[in-house]
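Values in this document were obtained by computation on a predicted structure and should not be read as measured data. Values below: every heavy atom of this structure, side chains too, minus hydrogens, waters and symmetry copies.
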Amino acid sequence: MKTVNSGKCLSFFVEEFKLEVESKKAEKIVYLGSKGVCFSMAQLFGYSIRNTIKNQYFIPDAELENSVEYELTDIGYRFFGLENKKNLYNPDILVIMGGIATKHSKATIEEITGLIKNLNPKIVIGISICNVFDKSGWLEKINFDSLIDGTLEPVVLFKK
């Protein structure tokens with residue numbers, strides 16, 4: 001993959017995601033990530049596209065049975081269990097979050113590649129920090145259409 005843009009700060013990271021997704025004219029997005037951090041980050045990224053993408057879902061650790069659907073409220077998103085798992089299939093965009101490629105996630109690369117095939121997304125976007133997909137060896141095993149990677153350097157603590 002070649003670099004097409006670069007910037008700093010979380011707002012740049014989120015804005016690049018928003019621009020990438022909105023350029024695809026998508027109607028349905030499925031996020032695939034680890035429990036905990038990826039779930040929270042999917043909420044942040046999802047909120048950035050709340051005005052253009054109405055159907056958003058999250059699959060934790062490749063566990064379809066624990067998938068949730070986003071519902072926009074006046075203070076952000078709330079999530080509820082997904083009764084119809086068919087809603088997960090054939091998304092316009094599948095967003096794979098880097099936390100799923102780390103050792104704290106229970107998902108394996110084989111499960112993820114199988115899930116990608118079964119979900120049958122039109123576009124696969126990766127979101128990660130600190131080159132997680134590359135370091136885990138997943139970058140060469142997943143056919144990403146685009147990848148947005150950020151770093152947290154430097155992280156600075158100030159005290160009085």
Side-chain angles (χ1 to χ4, degrees), residues 1-24 26 29-63 66-82 91 93-113 115-116 121 123-160:
M1 302 188 96
K2 65 179 181 176
T3 301
V4 295
N5 204 0
S6 181
K8 294 181 180 181
C9 193
L10 182 59
S11 60
F12 180 84
F13 196 27
V14 173
E15 185 65 21
E16 284 303 305
F17 170 78
K18 180 182 177 185
L19 292 171
E20 184 68 15
V21 167
E22 289 180 347
S23 74
K24 307 301 184 204
I29 291 184
V30 174
Y31 299 88
L32 175 57
S34 65
K35 296 174 182 175
V37 175
C38 287
F39 184 67
S40 299
M41 292 303 291
Q43 184 177 4
L44 173 66
F45 284 103
Y47 192 74
S48 76
I49 55 174
R50 68 193 176 282
N51 295 323
T52 54
I53 310 294
K54 301 300 178 202
N55 301 303
Q56 298 186 63
Y57 307 90
F58 184 84
I59 304 171
D61 284 333
E63 299 169 357
N66 291 322
S67 299
V68 295
E69 185 171 357
Y70 289 40
E71 180 181 30
L72 187 61
T73 70
D74 58 344
I75 61 168
Y77 281 113
R78 74 178 183 137
F79 303 91
F80 54 94
L82 184 61
I93 299 174
L94 176 63
V95 177
I96 303 176
M97 307 190 78
I100 202 153
T102 63
K103 57 186 166 192
H104 79 271
S105 173
K106 296 177 184 176
T108 65
I109 184 62
E110 292 78 21
E111 289 174 309
I112 299 306
T113 55
L115 189 56
I116 294 168
I123 296 167
V124 177
I125 296 175
I127 295 178
S128 66
I129 58 170
C130 303
N131 296 309
V132 168
F133 288 119
D134 189 34
K135 290 177 182 175
S136 67
W138 287 30
L139 189 56
E140 57 199 39
K141 296 178 182 176
I142 296 176
N143 186 22
F144 290 108
D145 292 287
S146 60
L147 175 64
I148 305 166
D149 187 81
T151 60
L152 299 176
E153 296 175 10
V155 174
V156 180
L157 171 65
F158 296 95
K159 288 188 176 185
K160 186 173 182 178

Roughly how far, to the nearest 0.5 Å, is [atom2] of [Y] from [atom1] of [X]?
| X | Y | atom1 | atom2 | result |
| --- | --- | --- | --- | --- |
| Glu22 | Asn51 | CD | CG | 8.0 Å |
| Lys18 | Ile53 | NZ | CD1 | 11.0 Å |
| Asp149 | Asn131 | CG | CG | 4.5 Å |
| Ile129 | Ile148 | CD1 | CD1 | 14.0 Å |

- Take Ile123 and Val21 through the test side chain to side chain contact (heavy atoms under 4.5 Å, CB included) and record every step on the way to the result. CA-CA 10 Å; Ile123 296 167; Val21 167; over 6 Å; no

Looking at every heavy atom in both [X] and [Y], which two are closest together, and how far apart are they?
| X | Y | answer |
| --- | --- | --- |
| Phe17 | Ser48 | CD2-OG, 3.8 Å |
| Gln56 | Gly46 | OE1-CA, 3.1 Å |
| Met41 | Leu10 | CE-CD1, 4.4 Å |
| Glu20 | Ser146 | OE2-OG, 3.1 Å |
| Ala107 | Ile112 | CB-CD1, 3.9 Å |
| Thr113 | Lys141 | CG2-O, 3.7 Å |

- For Asn143, look at atom CG and say whether over 12 heavy atoms of other residues, nucleotides or ligands are found less than 6.0 Å away. no

- Message: Could you check whether atom NZ of Lys54 has more than 12 heavy atoms from other residues, nucleotides or ligands sitting under 6.0 Å from it?
- Response: yes

- Message: Ring-plane angle category for Tyr31 and Tyr70, please: parallel below 30°, perpendicular beyond 60°, tilted otherwise.
- Response: parallel

- Please work out which of the three classes, parallel, tilted or perpendicular, describes the rings of Phe133 and Phe144, given edges at 30° and 60°. tilted

State, yes or no, whether a side-chain contact exists between [X] and [Y] at a heavy-atom distance under 4.5 Å.
| X | Y | result |
| --- | --- | --- |
| Val30 | Pro121 | no |
| Val14 | Tyr47 | no |
| Leu115 | Leu94 | no |

- Item | Main-chain N/O of Thr102 paired to Ser105 side chain as donor or acceptor, under 3.5 Å | no

- Task: Please confirm whether the backbone N or O of Leu139 pairs with a side-chain atom of Asp134, one donor and one acceptor, at under 3.5 Å?
- Result: no

- Query: Could you go step by step and tell me if Cys38 and Ile100 meet the side chain to side chain contact (heavy atoms under 4.5 Å, CB included) rule?
  - Reply: CA-CA 8 Å; Cys38 287; Ile100 202 153; 5.5 Å; no

- Any salt bridge between Lys35 and Glu63, counting N to O under 4.0 Å? yes

- side chain to side chain contact (heavy atoms under 4.5 Å, CB included) between Met97 and Phe58: does it pass, once the steps are laid out? CA-CA 10 Å; Met97 307 190 78; Phe58 184 84; 4.3 Å; yes

- Option from Ile93, Val95, Ile96 for which side-chain contact (heavy atoms from CB on, under 4.5 Å) with Val124 holds: Ile96

- Task: Determine, stepwise, if the pair Phe12 / Glu15 fulfils side chain to side chain contact (heavy atoms under 4.5 Å, CB included).
- Result: CA-CA 5 Å; Phe12 180 84; Glu15 185 65 21; 5.7 Å; no

